[in-house]
Structures are given as structure tokens and as C-alpha cells.
Protein chains: 2
Amino acid sequence: MRIKPEELKYSQDGLIPAIVQDAKTKEVLMLAYMNSEAVAKTLATGETWFWSRSRQKFWHKGESSGNVQKVKEVLYDCDRDTLLVLVEQKGAACHEGYYSCFHYALAPDGEVTVIGEPLFDPEKVYGKS
Amino acid sequence: MRIKPEELKYSQDGLIPAIVQDAKTKEVLMLAYMNSEAVAKTLATGETWFWSRSRQKFWHKGESSGNVQKVKEVLYDCDRDTLLVLVEQKGAACHEGYYSCFHYALAPDGEVTVIGEPLFDPEKVYGKS
């Protein structure tokens, strides 16, 4: 069977969530959104492309920071409405300098614990915000 | 620091995507959506609760199939708009009988390959649809 990016199921705003996972360690790095063109770009280039909802434009992950994601495998789910992208991550995925964006653990009582250590100083990579 | 479920960032329809990952093997099992009450129920009960967008009601995963998800850890990301829930999965996560919902691999040329084998017959668990 062969499908086209536009045959995936997109939300009303034309987006599909894409979970990004480290292909080797299986750590989940981030979740971002793609439109069908970003899916096509990701498949064609072998690096992740997203649609930035806040900036309303294409976002080639790592373009400014150098922290690109080399695509190893793309999977979709039984509902065709979510992607799972296995990657080789350069540097770190999170704009806060952590390897994964998921570095806040939430306990049942609401207590938050920061997990891990940042790998880089965001100010040096992205400039002061 | 301590936060309440309602302090996470929800979309306009009041939902936050929750990635569910096997706590041991790190396999990503599914993605579903929670509202703040489902987040609270998940934290309080130690099993996953979602908001079903198609049925517009709470969905206690495994309630009909027995394939519940025992919560081991809940993480949130740097934008506070996605959850990562590490679980111990009973049976299989996917309603198609596969352990993970992500069992379709999409090659750059659009070719689709089914990965793995179903662990149960969906008709026997959920009845004929």
C-alpha cells in the first residue's frame, strides 16, 4: 500500500501532531505539528519540518540552533491522525537546553521536579530573549 | 514548585495531547487527549483517563477491554502544552489488537509497511463493529 501525505488525517486547522522520539534511546524528545506540506518536506529531506502555530510558518527544526533531527523512521497510528518520528538528534531538542522537552515530572500531589541537566545555555544558542 | 492540572496549557477546545509510553521498553503506545479533569483523574487514580473527542465523554482507557494503563510517571514539556505519560500497559494499547497504535511505517516514497503482529482479535474484545 502507498499513501500520500494528504491522506493522513489532519485537524480542522490542517495540522497533525508529530511525536519525535530518539531512535536509539527511545526517549521522547518533543511534540510539534506538521501540515501535509511539512510531512512531505520531512519525508523528502530526511530532516524534520514542522508548522509553527505561534509564528504561522514552516519551521525546519535546528535551522537556527544547528540541532537538526535526522529522520530514521516515520510511523503513523491506527487513526492516521498522529505521527511518530524516530530521529537522530544533534545537540538537544529543547529550546531550554535540555535533551528532551519533557523534563518536568508532575507528581500526583502536583509537585514538580525538574529532570536532568541542560546540555547548552539557550542564551548562547538563541540569543537573549 | 506545585502546579494544578488547570495550570497546564490547553487548546481552545480545552484539551492537551498526552503521549503514552511504555515505562519499561520506552515504546510509544498511543496519543490521546485530556481535559483538565481527565488530568486530575489520571493523577488521582493512577490509571489513564482521556477525553474522547469523537464521543465527547470521559474515556477510562481499558474500561471495556481490560487493557488499562497503570501510570508510572507523568511529565510535561517546556511549553506546558503536552503530556508524556509513562505506563505499565495491560494487554495491548491499540484497538486493532497491536501493542502500540503506531504500527504503520511510512517510507519516503509513501510505501506503508505494517509492523508487528496483533496480540488479540479486536472482534473478540470489543465485539463486531
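Naming: A, B, ... by sequence-line order, numbering from 1 per chain.
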Worked check of side-chain contact (heavy atoms from CB on, under 4.5 Å) between B:Ile3 and A:Tyr104: CA-CA 11 Å; B:Ile3 68 161; A:Tyr104 298 99; over 6 Å; no

Test side-chain contact (heavy atoms from CB on, under 4.5 Å) on A:Gln12 and B:Asp13 and set out the steps. CA-CA 12 Å; A:Gln12 281 186 329; B:Asp13 48 5; over 6 Å; no

From CA spacing to verdict: side-chain contact (heavy atoms from CB on, under 4.5 Å), B:Leu75, A:His103: CA-CA 7 Å; B:Leu75 301 158; A:His103 53 270; over 6 Å; no

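No continuous path of ILVMFWY side-chain contacts below 4.5 Å connects A:Val68 to A:Val71, so the two sit in separate hydrophobic clusters. The hydrophobic cluster containing B:Tyr33 does not contain B:Val74, counting ILVMFWY residues as joined when their side-chain heavy atoms lie under 4.5 angstrom apart, directly or transitively. One hydrophobic cluster, built from ILVMFWY side chains closer than 4.5 Å, holds both B:Leu29 and B:Val39. Hydrophobic clustering, with ILVMFWY side chains joined whenever heavy atoms are under 4.5 angstrom apart, groups B:Val20 together with B:Leu43. Transitive grouping of hydrophobic side chains (ILVMFWY, heavy atoms separated by less than 4.5 Å) brings A:Trp49 and A:Trp51 into a common cluster.
Shown here for B:Leu83 and A:Phe102, the closest heavy-atom pair between the two residues is C-CE2, 4.0 Å. Closest heavy-atom contact between B:Leu31 and A:Pro17: CD2-CG, 4.4 Å. Here the shortest heavy-atom pairing between A:Tyr76 and B:Val112 reads OH-CG1, 3.3 Å.
Between atom CG of residue B:Asp77 and atom CE of residue A:Met30 there is a gap of 9.5 Å, rounded to the nearest 0.5 Å. Separation of atoms OG1 (A:Thr42) and CG (B:Leu106) is listed at 10.5 Å; rounding is to 0.5 Å.
For a residue to count as touching a neighbouring chain, one of its non-hydrogen atoms must lie under 4.5 Å from one of that chain's; by this rule A:Leu86 does not touch chain B. With a threshold of 4.5 angstrom between heavy atoms, A:Glu111 approaches chain B through its backbone and through its side chain. Contact of A:Ala40 with chain B is not made at all, since no heavy-atom distance falls under 4.5 Å. For B:Asp79, the part lying under 4.5 angstrom from a heavy atom of chain A is the side chain only. Of the atoms belonging to B:Gln21, it is side-chain heavy atoms, and not backbone ones, that fall under 4.5 Å from chain A.
Between chain B and the options A:Cys78, A:Ala44, A:Cys101, A:Pro5, the largest number of non-hydrogen pairs under 4.5 Å is found for A:Cys78. Comparing A:Met1, A:His95, A:Lys26 by how many heavy-atom pairs each has under 4.5 Å with chain B, the most go to A:Met1.
Crowding of A:Gln56 atom CD: a count of heavy atoms from other residues, nucleotides or ligands under 6.0 Å exceeding 12.
Look at B:Asp81 and A:Arg53 and you find a salt bridge, because one of the NZ, NE, NH1 or NH2 atoms lies within 4.0 Å of a carboxylate O, short of that distance.
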